[in-house]
Every structure is written in C-alpha cells, then in structure tokens.
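So that the names make sense, note that chain A is the first sequence line, chain B the second, and so on, each numbered from 1.
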Amino acid sequence: EAGVVQSPRYKIIEKKQPVAFWCNPISGHNTLYWYLQNLGQGPELLIRYENEEAVDDSQLPKDRFSAERLKGVDSTLKIQPAELGDSAVYLCASSSSLNEQFFGPGTRLTVL
Amino acid sequence: GQQLNQSPQSMFIQEGEDVSMNCTSSSIFNTWLWYKQDPGEGPVLLIALYKAGELTSNGRLTAQFGITRKDSFLNISASIPSDVGIYFCAGRSGNTPLVFGKGTRLSVIA
C-alpha cells in the first residue's frame with residue numbers, strides 16, 4: 001500500500017513569493033491533515049479535512065495561508081506571500097479514523 | 001490549551017542499553033500515540049494506546065498508557081544503532097486535535 005505522497009520535498013524561495021505544497025493521502029483515508037513542524041519541535045496542526053470539508057482550520061494563519069481539497073482526495077497548501085518565519089517542514093498526514101495518523105515525508109521550505 | 005511535556009529532550013546511550021522516555025499532559029487524554037522521526041522523513045507511528053493502564057509492545061518497544069490518563073511511557077530494550085532518531089509522543093482527548101510533544105532525540109553509541 002502506498003503511503004502519503006508529498007511534493008516537492010524541498011523548496012527554496014525568496015520572501016514575498018508564493019509557494020504551494022501538494023499532498024496525496026493514503027487511498028481510502030477520508031481525513032487529511034496539514035501540519036507545520038519547526039526545528040526542534042513536534043508537528044503542529046494547521047488544518048484538518050474530512051473529505052472535502054475543512055473541519056478544523058483554527059490554527060491556519062488565514063491572512064497568508066490557504067488550503068483546498070476540492071475532490072476530497074489530494075490537497076494543496078499555499079502560502080502567499082511567504083515570510084522568513086515560514087521556513088519549516090510542512091507535513092501532510094491522513095487517517096481513516098481520528099486516532100492513527102500516517103505522515104508523508106514532508107516538504108522542507110526555506111524562505112530567503 | 002493542552003500541553004505535553006516530553007522528557008528527556010535528548011539521550012546518549014550505549015548500544016545494547018535499555019531506554020525510557022515519558023510524556024506528561026496538563027489534561028486527561030483518551031489516546032496516546034508514539035512516533036519515531038528519522039532525518040528528512042515524516043513521523044512513523046510506533047504504538048497506539050487507547051485505554052488507561054494499557055501496555056502494548058511492538059518488537060523491542062513497549063509503551064504504557066498511565067493510570068492517571070495524564071502520562072505515557074515508552075521503553076526500548078537492547079537498543080541498536082537504527083533506533084537513532086527523534087521520538088514523539090502525541091495525545092488527544094475527545095475530538096480535540098492531536099497534540100505532540102517536543103520530542104526526545106536518541107543517539108546510540110556503538
């Protein structure tokens with residue numbers, strides 16, 4: 001069974017530029033999560049989808065971050081414009097229940 | 001909000017030694033999960049616990065859901081070099097989002 005797929009694995013951009021990350025969850029997993037992981041920290045939830053509906057986006061900075069999961073399968077997370085402090089690893093996870101989440105390899109973003 | 005304290009922050013051990021790490025919560029949890037993260041990869045689920053007092057093993061790993069429901073422990077027996085990585089605890093109560101600890105960085109000296 002294929003795991004959670006994320007792309008790109010690495011992204012380097014200049015500040016004020018836009019950036020987008022893509023995630024394809026494990027087949028059959030209705031719940032999809034985007035997490036932010038800063039260096040030396042655990043993952044922090046940005047947004048959770050149940051199928052195509054965002055059911056928890058309270059931690060998503062909505063002034064510059066947006067996400068979509070139009071057909072309830074793959075998802076895109078966008079930052080526009082990026083700031084220096086956005087440099088981090090962006091992890092996608094999926095689950096078929098609220099408990100056991102399976103993570104992708106992450107996208108490491110560097111904002112210069 | 002909920003907070004998790006994970007300790008120790010880092011450990012240096014000799015190959016073959018046993019390892020213990022723990023996590024405490026400021027509130028009661030009904031789920032505890034333990035993950036391992038290798039450099040450049042996402043966290044991988046090791047053990048899931050759903051019941052107070054539950055003790056679950058996965059090979060050389062054993063985790064326990066504390067009786068108070070505010071803590072959990074992970075033990076690794078007879079450590080080997082591939083155990084190197086960062087171990088995260090995560091927990092939740094009810095339908096709240098999963099909360100992660102800051103991780104325990106394990107280094108194994110051969």
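With a 4.5 Å cut-off between side-chain heavy atoms of Ile, Leu, Val, Met, Phe, Trp and Tyr, the cluster of Trp22(A) takes in Val5(A). Residue Leu77(A) is found in a hydrophobic cluster whose other members, listed by chain and number, are Ile13(A), Val19(A), Phe21(A), Leu32(A), Trp34(A), Leu36(A), Leu46(A), Ile47(A), Tyr49(A), Leu60(A), Phe65(A), Ile79(A), Leu84(A), Tyr90(A), Leu109(A), Val111(A); membership requires side-chain heavy atoms under 4.5 Å apart, directly or through intermediates.
Annotation: residues 101-110 of chain B contacts chain A through Gly101(B), Lys102(B) [non-hydrogen atoms, separation under 4.5 Å]. Contacts from residues 44-74 of chain B to chain A, taken as heavy-atom pairs separated by less than 4.5 Å, involve Leu45(B), Ala48(B), Tyr50(B) in sequence order.
Other residues, nucleotides and ligands place no more than 12 heavy atoms under 6.0 Å from the CD atom of Gln9(B). Surrounding CG of Leu112(A) are more than 12 heavy atoms belonging to other residues, nucleotides or ligands, all under 6.0 Å away. More than 12 heavy atoms of other residues, nucleotides or ligands shown are found within 6.0 angstrom of NZ on Lys62(A). Counting non-hydrogen atoms of neighbouring residues, nucleotides and ligands closer than 6.0 angstrom, the CD atom of Gln14(B) exceeds 12 such neighbours.
Note on Ile26(A): it does not cluster hydrophobically with Val73(A), by side-chain heavy-atom contacts below 4.5 Å among ILVMFWY residues.
With a threshold of 4.5 angstrom between heavy atoms, Glu44(A) does not approach chain B through any atom at all. Of the atoms belonging to Gln37(B), it is side-chain heavy atoms, and not backbone ones, that fall under 4.5 Å from chain A.
Atom CD of Gln41(A) sits about 8.5 Å away from atom CZ of Phe88(B), to the nearest 0.5 Å.
Of all non-hydrogen atoms in Asp56(A) and Pro97(B), the two that sit nearest each other are OD2-CG, 3.1 Å.
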